[in-house]
Asker: 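Structure in structure tokens, see below.
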Amino acid sequence: MNTKAKPFIKWVGGKGQLIEQLEAKLPADFDNWDNATYIEPFVGGGAMLFYMLQQHPNIKRAVINDINSDLITCYKTVRDNVEELIPALQKIQAQYYALQDMEAKREMFMVVRQRYNEKNLDPIENTAKFFFLNRTCFNGLYRVNKKGLFNVPCGKYMQPQICDEDTLRADSELLKRVEILEGDFENTLLCAQGKVLFYFDPPYRPLSGTSSFNDYTKEAFNDDSQVRLKEFCDKVVAEGHSFMLSNSDCKGKNEADNFFDVLYADYYIDRVMASRNVNANGAKRGKISELLVHSYRNTKDWQMNDISNHKPQRVAIKQKAYA
């Protein structure tokens, strides 16, 4: 099969655009790790997962996790039942394409969304509707309300690709090498054995009161959660493992906001530029700084004469990071 495995859904904050920068920040000797284990506790769209498993053959074991049960059902269905999923996707795609105007398509979208939110579907139908909503909703955004109900409005797509058979089959083949968990990110430490790299891509800390698109589960991921994640990173390191973590750069919005610089002061903090394409106002889209935190000094792009840029960034601030 020549088709390359890649994310089968659109996901806000997906790492496809940052792959080269993430690769550069992997441990310098990562390709020399024998029988490496790769763990993603917040898998989301899986861009990094698909890249890592195809680019680094020394990864012999991979574990992914997410608290979003519908997303995890998608991964398991693509892995285990792709030949049953494809006809279901072909059917719903044909139904949508047959509708001649956007109003009719919007009506179909609302019917599917309501049925999806009833939460009593079998895995094939649930995943087919998940795909449909993902490809036809506004900006491919996945967001739920406090009751856990998907509430994103319809987008304006006349013929989006809902069923990509070749990609799905390639993804299914690759996912057969992956252990798929559902639940809290801390549970993944139980799977860490041998030489392990954790990559954390949690819900980002909002840069403003209107920029929070991290509500993809009914449980909020607030500052207390960010602190708990950092404390989990400490446990990962204490167990002898390595981690890399992505998050928003609060200082890019507010120079005085040292939340992450204080929180991760004992680790190595790099800043990279990423594109943000979620904002409904096109003028507010564009490049923005993001954080890459890692527990190891030597990265693939690390140079001896650049050591000054790879020290733990300790910020002289008296209050606790989570005060």
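All residue numbers refer to positions in the sequence shown, counting from 1.
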Asker: Atom OH in Tyr116, atom OG1 in Thr127: separation rounded to 0.5 Å?
Answerer: 8.5 Å
Asker: Is any side-chain heavy atom of Met244 less than 4.5 Å from a side-chain heavy atom of Ser295?
Answerer: no
Asker: With clusters defined by side-chain heavy atoms of hydrophobic residues (ILVMFWY) lying less than 4.5 Å apart, directly or transitively, does Val144 cluster with Phe138?
Answerer: yes
Asker: What side-chain hydrogen bond (donor to acceptor under 3.5 Å, both in side chains) pairs are there with at least one residue in residues 96-105, not counting sequence neighbours?
Answerer: Glu103-Arg106
Asker: So Lys6 and Asp164, do their side chains get closer than 4.5 Å, heavy atoms only?
Answerer: yes
Asker: Taking the side chain as C-beta and beyond, is there a heavy-atom pair between Ile86 and Cys163 under 4.5 Å?
Answerer: yes
Asker: Drop me the distance from Asp201's CG to Lys15's NZ, to the nearest 0.5 angstrom.
Answerer: 3.5 Å
Asker: With rounding to the nearest 0.5 angstrom, report the CG to OH distance, Asp266 to Tyr264.
Answerer: 11.5 Å
Asker: Should Met110 and Ile92 be counted in the same cluster of Ile, Leu, Val, Met, Phe, Trp and Tyr side chains packed under 4.5 Å apart?
Answerer: yes
Asker: Would you please indicate yes or no on a ring centroid separation below 6.0 angstrom for Phe150 and Phe130?
Answerer: no
Asker: Does some side-chain heavy atom of Ile269 sit less than 4.5 Å from a side-chain heavy atom of Leu291?
Answerer: yes
Asker: Looking only at heavy atoms, what is the nearest atom pair of Met102 and Cys154, with distance?
Answerer: CE-SG, 4.0 Å
Asker: So that I know where these two stand, are Phe232 and Phe243 an aromatic pair - ring centroids less than 6.0 Å apart?
Answerer: no
Asker: Which atoms form the tightest heavy-atom contact between Ser246 and Tyr204, and what is the distance?
Answerer: CB-OH, 3.3 Å
Asker: Quickly, which of Leu71, Val78, Thr73, Thr77 forms a side chain to side chain contact (heavy atoms under 4.5 Å, CB included) with Tyr75? Name it, please.
Answerer: Leu71
Asker: Does any non-hydrogen side-chain atom of Lys230 lie less than 4.5 Å from one of Tyr267?
Answerer: yes
Asker: Salt bridge check, Lys251 against Asp261: does any charged N sit closer than 4.0 Å to a carboxylate O?
Answerer: no
Asker: Is there a donor-acceptor pair under 3.5 Å between the side chain of Asn145 and the backbone N or O of Leu149?
Answerer: yes
Asker: Is the backbone N or O of Ile19 less than 3.5 Å from a side-chain atom of Glu23, with the two atoms forming a donor-acceptor pair by type?
Answerer: no
Asker: Do Leu133 and Leu121 land in one hydrophobic cluster if side-chain heavy atoms of ILVMFWY residues count as linked below 4.5 Å?
Answerer: no
Asker: Please check if the side chain of Asn65 supplies one atom and the backbone of Gly183 the other of a donor-acceptor pair under 3.5 Å.
Answerer: yes
Asker: Evaluate the salt bridge (Lys or Arg N to Asp or Glu O under 4.0 Å) criterion for residues Asp80 and Lys176: first the C-alpha distance (whole Å), next the side-chain angles of each, then the deciding distance (0.1 Å), finally the verdict.
Answerer: CA-CA 8 Å; Asp80 301 333; Lys176 285 177 170 51; 5.8 Å; no
Asker: Is any side-chain N of the basic residue among Arg79 and Asp171 closer than 4.0 Å to the acidic one's carboxylate O?
Answerer: no
Asker: For Glu20, give me all partners under salt bridge (Lys or Arg N to Asp or Glu O under 4.0 Å), at least two apart in sequence or on another chain.
Answerer: none
Asker: Kindly state each residue pair satisfying salt bridge (Lys or Arg N to Asp or Glu O under 4.0 Å) with at least one member in residues 118-131, sequence neighbours excluded.
Answerer: Asp70-Lys119, Arg115-Glu118, Glu125-Lys129
Asker: State the NE2-CD1 distance between His241 and Ile39, to the nearest 0.5 angstrom.
Answerer: 7.0 Å
Asker: Considering all heavy atoms of both residues, which atom of Met158 and which atom of Pro160 are nearest to each other, and what is their separation?
Answerer: C-CD, 3.6 Å
Asker: Tyr38: which residues meet the ring-ring contact (aromatic ring centres under 6.0 Å, His included) condition with it, sequence neighbours left out?
Answerer: none
Asker: Between side-chain atoms of residues 185-198 and protein atoms elsewhere (two or more places apart, or another chain), which donor-acceptor pairs fall under 3.5 Å?
Answerer:
unit_1: Glu186; atom_1: OE1; unit_2: Lys235; atom_2: NZ; d: 3.1
unit_1: Glu186; atom_1: OE2; unit_2: Arg228; atom_2: NH1; d: 2.8
unit_1: Thr188; atom_1: OG1; unit_2: Phe185; atom_2: O; d: 2.7

Asker: Going by atom types alone, do Gln161 and Gln93 pair a side-chain donor with an acceptor below 3.5 Å?
Answerer: no
Asker: Looking at Arg271 and Asp249, does any basic side-chain N land under 4.0 Å from a carboxylate oxygen?
Answerer: yes
Asker: Between Asp301 and Gln21, is there a side-chain donor-acceptor contact under 3.5 Å, judged purely by atom types and distance?
Answerer: no
Asker: Which atom names give the shortest non-hydrogen contact between Ala62 and Leu53, and what distance separates them?
Answerer: CB-CD2, 3.9 Å
Asker: Short question: side chain of Glu182, backbone of Asp66 - any donor-acceptor pair under 3.5 Å?
Answerer: no
Asker: Output yes when Glu165 and Arg169 qualify as a salt bridge under the 4.0 Å nitrogen-oxygen rule, no when they do not.
Answerer: yes
Asker: What do the steps show when you test Phe8 against Phe131 for ring-ring contact (aromatic ring centres under 6.0 Å, His included), and what is the final call?
Answerer: CA-CA 8 Å; Phe8 48 78; Phe131 270 63; 5.5 Å; yes
Asker: Do you know which two heavy atoms are closest between Ala47 and Pro7, and how far apart they sit?
Answerer: CA-CG, 3.6 Å
Asker: Would you compute the distance between atom CG of Asn258 and atom SG of Cys250 and round it to the nearest 0.5 angstrom?
Answerer: 9.0 Å
Asker: Rounded to the nearest 0.5 Å, what separates atom SG in Cys137 from atom CZ in Arg143?
Answerer: 9.0 Å
Asker: List in chain and number order the residues that pass salt bridge (Lys or Arg N to Asp or Glu O under 4.0 Å) with Arg61, two or more places apart in sequence or in another chain; answer none if no residue qualifies.
Answerer: Glu179
Asker: Under 4.5 Å between any side-chain heavy atoms of Val111 and Glu107, yes or no?
Answerer: no
Asker: For Val178 and Ile180, what are the C-alpha separation, side-chain angles and deciding distance, and is it a side chain to side chain contact (heavy atoms under 4.5 Å, CB included)?
Answerer: CA-CA 6 Å; Val178 179; Ile180 303 175; 4.3 Å; yes
Asker: Applying the 4.5 Å side-chain criterion to the ILVMFWY set and letting contacts propagate, would Ile72 and Ile124 be lumped into a single cluster?
Answerer: no
Asker: Please tell me if the side chains of His56 and Asp31 come closer than 4.5 Å, counting only heavy atoms from C-beta onward.
Answerer: yes
Asker: Would you find a donor on one side and an acceptor on the other, under 3.5 Å apart, between the side chain of Asn222 and the backbone of Ser225?
Answerer: yes
Asker: Whether the Thr299 and Tyr268 side chains hold a donor-acceptor pair (N or O, under 3.5 Å, no angle test) is what I'd like checked.
Answerer: no
Asker: Kindly confirm or rule out a cation-pi arrangement of Arg205 over Phe259, judged by NZ or CZ under 6.0 Å from the six-membered ring centre and within 45° of its axis?
Answerer: yes
Asker: Apply side chain to side chain contact (heavy atoms under 4.5 Å, CB included) to Tyr142 and Asn68, showing your working.
Answerer: CA-CA 10 Å; Tyr142 193 94; Asn68 184 323; 3.3 Å; yes
Asker: Taking C-beta and beyond as the side chain, do Phe221 and Pro202 meet within less than 4.5 Å on heavy atoms?
Answerer: yes
Asker: Does Leu168 form a side chain to side chain contact (heavy atoms under 4.5 Å, CB included) with Leu89? I'd like the steps, not just the answer.
Answerer: CA-CA 11 Å; Leu168 284 168; Leu89 292 175; 3.6 Å; yes
Asker: What do the steps show when you test Leu18 against Glu290 for side chain to side chain contact (heavy atoms under 4.5 Å, CB included), and what is the final call?
Answerer: CA-CA 10 Å; Leu18 283 175; Glu290 292 192 2; 3.5 Å; yes
Asker: Please determine if Lys10 forms a cation-pi arrangement with Tyr157, meaning its NZ or CZ atom is less than 6.0 Å from the six-membered ring centre and no more than 45° off the ring axis.
Answerer: yes
Asker: Any donor and acceptor pair, going by atom type alone, linking the side chain of Asn58 with main-chain N or O of Trp33 inside 3.5 Å?
Answerer: yes
